[in-house]
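Just passing along the structure, written as structure tokens.
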Amino acid sequence: MAIFGALKPKPMKKIAVFTSGGDSPGMNACIRAAVRTGIYKGLDVFGIYRGYEGMIEGDIKRLHSHSVSNIIQRGGTVLKSARSMEFKTPEGRKKAFENLSAHGIEGLVAIGGDGTFTGAKVFYEEFGIPTVGCPGTIDNDIYGTDYTIGFDTAVNTALEAIDKIRDTAAAHDRIFFIEVMGRDAGFIAVESGIGGGAEFVMVPETQTDLDAVVKSLKKLRKTKTSSIIVVAEGDDLGSADVIMKLVKEKIQDPSKEFKVTTLGHIQRGGNPTARDRVLGSRCGMAAVEGLLSGKTNCMAGIMNEQVVYTPFADCIGLPKPLNPDHLALIDILSI
Ligand code: F6P
């Protein structure tokens, strides 16, 4: 018997969702959306616990609609997360593939940042299991989406802290250096700096000119008695502590007190903002719809309010620059 035309691909019946890398508020909303969209479309949905680690160890469980009840408002990730070294090895990825095959899993929703997508890309290229990602990281450093899930909450957490520090900075006429997260990107620093009325924001994307900072601080001292300087953890001059010491040395004013606060992991937790819940929900649904329409090796993001699918290679390979208008705004408003 002759067969004409291409064979129709077998419809997908089983998918799995996992979170990997640094957790971010809104990941739970994304998990919930992926699980419920999958069930709505008639799929069996599985959860893989602890990201790629759980995939290698076979920590995989069937999820139901009620499995994701009462999680949309919670920070962290109910599927837990990890940074897996073993998945970076061919042997680790082979074990992961065998575990997925044993469960009959035919598609994956990978929620995470650039490390997660780097792993997903290699895994897809080796084993061909269709995978669509969702941008889950507080850093907002992923190309192919205006914002990442968790960024808005992290910025608001940093802002709340900056507001509180400002009270005590003003009361004691002190200069505070506040270090925020973001790895190699300055998005959290810029947005929390603008919102918190910082005098300076130091980011990895621009070269920090120490002399200019010192000059401005000296000038500002005539009009302001306290200052807030937001430092992104990846700044080229170093940590907030290092920068504070450099500035203090150059200012040479024993009457001035300098303090450092590192916000750290507080920025990763907490109830997601409405924006992160909506973004997580939209990306989770778009990932499953993408899988069902044949998309793979790409991320579902939101750009200009529209769902956009961007190849993993671009998400991790293309730069996402800071908005130069935001940097100009800080300079102008800090006079
Ligand atoms: O990528 C998210 C992030 O919170 C970065 O901002 C930070 O540099 C890093 O993760 C911290 O990672 P860990 O929690 O593994 O120390």
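In listed order, ligands and their atoms are each counted from 1.
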*Residue, atom name and distance, where the atom is the protein heavy atom closest to atom 6 (O) of ligand 1*: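 Sorting protein heavy atoms by distance from atom 6 (O) of ligand 1 puts D139 OD1, 2.7 Å first.
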*asked:* With a 6.0 Å cut-off on the ring centroids, do F87 and F123 count as close?
replied: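 Yes, close enough.
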*With K320, which of T145, D141, N140 fulfils side chain to side chain donor-acceptor pair (under 3.5 Å)?*
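Testing each of T145, D141, N140 against K320, the sole residue satisfying side chain to side chain donor-acceptor pair (under 3.5 Å) is N140.
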*Which residue and heavy atom of the protein sit nearest atom 12 (O) of ligand 1, plus the separation*: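 Heavy-atom neighbour on the protein nearest atom 12 (O) of ligand 1: R83 NH2, 3.0 Å.
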_Heavy-atom count check: over 12 atoms from other residues, nucleotides or ligands less than 6.0 Å from K61 NZ?_
yes
*Which bit of I138 is near ligand 1, meaning a heavy atom under 4.0 Å away: side chain, backbone, both or neither?*
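The answer is the side chain of I138.
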*Of all the atoms in ligand 1, which lie at a distance below 4.0 Å from a heavy atom belonging to E233?*
5 (C), 6 (O), 7 (C), 8 (O)
Output side-chain donor-acceptor pairs under 3.5 Å for residues 36-48, partner residues at least two apart or in another chain, one line each.
unit_1 : atom_1 : unit_2 : atom_2 : d
R36    : NE     : S65    : O      : 3.3
R36    : NE     : S65    : OG     : 3.2
R36    : NH2    : S65    : O      : 2.9
R36    : NH2    : S69    : OG     : 3.2
T37    : OG1    : A33    : O      : 2.6
D44    : OD1    : R62    : NH2    : 3.1

_Ion pair K80/D23, N-O distance below 4.0 Å_ =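 The answer is no: the pair does not qualify as a salt bridge.
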_For atom 9 (C) of ligand 1, what's the nearest protein heavy-atom neighbour? Residue, atom name and distance, please._
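Result: R183 NH2, 3.5 Å.
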*Would you call E233 and R183 a salt bridge, using N to O less than 4.0 angstrom?*
no
*Of all the atoms in ligand 1, which lie at a distance below 4.0 Å from a heavy atom belonging to G182?*
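Those atoms are 6 (O).
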*With heavy atoms of H265 as the reference, note each atom of ligand 1 found under 4.0 Å away.*
13 (P), 14 (O), 16 (O)
_Q73 atom CD, over 12 foreign heavy atoms within 6.0 Å_ =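 Above 12, so yes.
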*Nearest protein heavy atom with distance in Å, relative to atom 3 (C) of ligand 1*: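 That would be R268 NH1, 3.5 Å.
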*Any Q267 heavy atom less than 4.0 Å from ligand 1*: no
